[in-house]
Structures are given as structure tokens and as C-alpha cells.
Amino acid sequence: VDVVSKEKRSQMMAGIKGRDTRPEMIVRKLLFAHGFRYRLHRKDLPGCPDLVLTGHKLAIFVHGCFWHQHANCDLAKLPATNEEFWRKKLGRNVRRDRQVVEELKASGWRVLVVHECAIRRLSQDRLLQRITRYVGGSRRSGEIAGAAAKRTLGRKVPG
Ligand SMILES: [Zn+2]
């Protein structure tokens, strides 16, 4: 028998963990703990990137797989009801995302998209390793996804 009310339990959990489990927060904390310093949500840059590593000229976006319609990702499945509405709405997000990447690259920034499925499915070590490799590399744009998903850039846009 559950002797603690749901409300009370969530208060207890919050007290114990005190941890924000949103994908963006996980990436922020992981990078910060390993010595990376960044700026958040620079509004002067296209798309207002979630994190910016100025010295590396790198903008990082943390994308929810559903809202950004991560290609071939099981977390991105459209609801069966109002599918057409969602297809149009989210198709706009996909087009905007792609435009933002192009604008950033055109002004000399490198761009990394970390998908929610990577944060959920890769170990923290693996995730850190992938990001670190990207930071130190020379690729202009790239993405990190969980094993089940494929690349988003260059995919056909729905809607
Ligand atoms: Zn995904």
C-alpha cells in the first residue's frame, strides 16, 4: 500500500534529487562539470542557441525529438489524432531549424544538435565523449542521436 500521497511523494523526490531532468539541463551540467564554460541563449545569434562555446565558435542546440521531428526517431511519432495539424506545425519547426543552422554557418559558427534520444539513451560518459570530440574537431555541423535514430539534416521536410 502506498502510504504517501502523490503530492507528498513528488515533494520528497524533489527534495532528494533537487535535479532538473530536462535534456538541456543535463547537457549543461555535464559540460560544466567537465570544465566547459558557455553562454546560454545568446539572443544576438540566429535561433538563440541553448549553449554557446564562444572560444570554440560552437553553438549547441538541445532538441526535443518530437517538437523538432527528429527523423526516423521513435520519440518523434505524430499523434494519430490531428496528424495533419501536427505535420504542418512541426514541419515549420524543422524548416526553421534548418534555416538557423545555415545562418549560423554563414556567419562562421559551427553547430551541434544534441537530440533528446541521445540524452536518454547514451550513458553520460558516452554523451560527454561524443560532445568533446565534436568540440575539439573541425566539423561545421553535426548531430548526436540515440542509437535508434538517423541524421536529420538534409531530410525531406514534411508538410
Ligand atoms: Zn530522437
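Because the structure is a prediction, the values reported are computed rather than measured.
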(request) Check whether more than 12 heavy atoms from other residues, nucleotides or ligands sit under 6.0 Å from atom NZ of K77, and answer yes or no. (result) no
(message) Is the ring pair H115/H63 parallel, tilted or perpendicular, if the boundaries are 30 and 60 degrees?
(response) perpendicular
(message) Please say yes or no: joined through hydrophobic side-chain contacts below 4.5 Å, possibly via intermediate residues, are I60 and L122 part of one cluster?
(response) yes
(request) Flag the pair R22 and D50 as a salt bridge only when some basic side-chain nitrogen lies within less than 4.0 angstrom of an acidic carboxylate oxygen. (result) no
(request) Please tell me if the side chains of L31 and L128 come closer than 4.5 Å, counting only heavy atoms from C-beta onward. (result) yes
(request) Find the distance between CZ (F36) and CG (L53) and round it off to the nearest 0.5 Å. (result) 7.0 Å
(message) If we ignore hydrogens and angles and just use 3.5 Å, is the side chain of R92 paired with the main-chain N or O of R87 as donor and acceptor?
(response) no
(request) Compare every heavy atom of K57 with every heavy atom of S107, then report the nearest pair and how far apart it is. (result) O-NZ, 4.2 Å
(message) Whether the side chain of R140 engages the backbone of V111 through a donor-acceptor N/O pair (distance < 3.5 Å, no angle test) should be reported.
(response) no
(request) Mind checking the CD-CG spacing from Q69 to D97? Nearest 0.5 Å is all I need. (result) 10.5 Å
(message) side chain to side chain contact (heavy atoms under 4.5 Å, CB included) for H70 and C117? Distances and angles first, verdict last.
(response) CA-CA 9 Å; H70 187 200; C117 54; 3.4 Å; yes
(request) Give, for atom CG of L58 and atom CZ of R139, the distance between the pair rounded to the nearest 0.5 Å. (result) 11.5 Å
(request) Kindly indicate whether the side chain of I119, heavy atoms from C-beta on, has any atom under 4.5 Å from the side chain of V27. (result) yes
(message) Within the 4.5 Å heavy-atom criterion, are L30 and L127 side-chain neighbours or not?
(response) yes
(message) Take a 6.0 Å sphere around CZ of R120 and say whether it holds more than 12 heavy atoms from other residues, nucleotides or ligands.
(response) no
(request) Please report the closest heavy-atom contact between R130 and A145, naming both atoms and the distance. (result) NH1-O, 4.1 Å
(message) Applying ring pair (Phe, Tyr, Trp, His ring centres under 6.0 Å), can you list everything that pairs with W86, at least two apart in sequence or on another chain?
(response) F66, W67
(message) In this structure, would L40 and L112 fall into the same cluster of hydrophobic residues linked by side-chain contacts under 4.5 Å?
(response) yes
(request) Start with the C-alpha distance between L90 and L78, add both sets of side-chain angles, then the distance that settles side chain to side chain contact (heavy atoms under 4.5 Å, CB included), and finish with yes or no. (result) CA-CA 9 Å; L90 300 176; L78 293 173; 3.6 Å; yes
(request) Please report the C-alpha distance between R121 and D74 in whole Å, then the side-chain angles of each, then the deciding distance to 0.1 Å, and finally whether the salt bridge (charged side-chain N to carboxylate O under 4.0 Å, His left out) criterion is met. (result) CA-CA 12 Å; R121 290 175 185 155; D74 58 308; 2.9 Å; yes
(message) Just so I know, are the side chains of R28 and L51 near enough to count as touching, which here means a heavy-atom distance under 4.5 Å?
(response) yes
(request) Could you tell me which non-hydrogen atom of P46 sits nearest to which non-hydrogen atom of V100, and how far apart they are? (result) O-CG1, 3.6 Å
(message) Quick check on side-chain hydrogen bond (donor to acceptor under 3.5 Å, both in side chains): which of E102, R95, E103 does Q99 satisfy it with?
(response) E103
(request) Would you check if C48 and R42 make a side-chain contact, meaning some heavy-atom pair closer than 4.5 Å? (result) no
(request) Measure the shortest side-chain to side-chain distance between F61 and L104 over non-hydrogen atoms and say whether it is less than 4.5 angstrom. (result) yes
(message) Does the structure place the NZ or CZ of R37 under 6.0 Å from the centre of the six-membered ring of F32, at an angle of no more than 45° from the ring's axis?
(response) yes
(request) State, with a plain yes or no, whether a side-chain heavy atom of Y38 is found less than 4.5 Å away from one of T54. (result) no
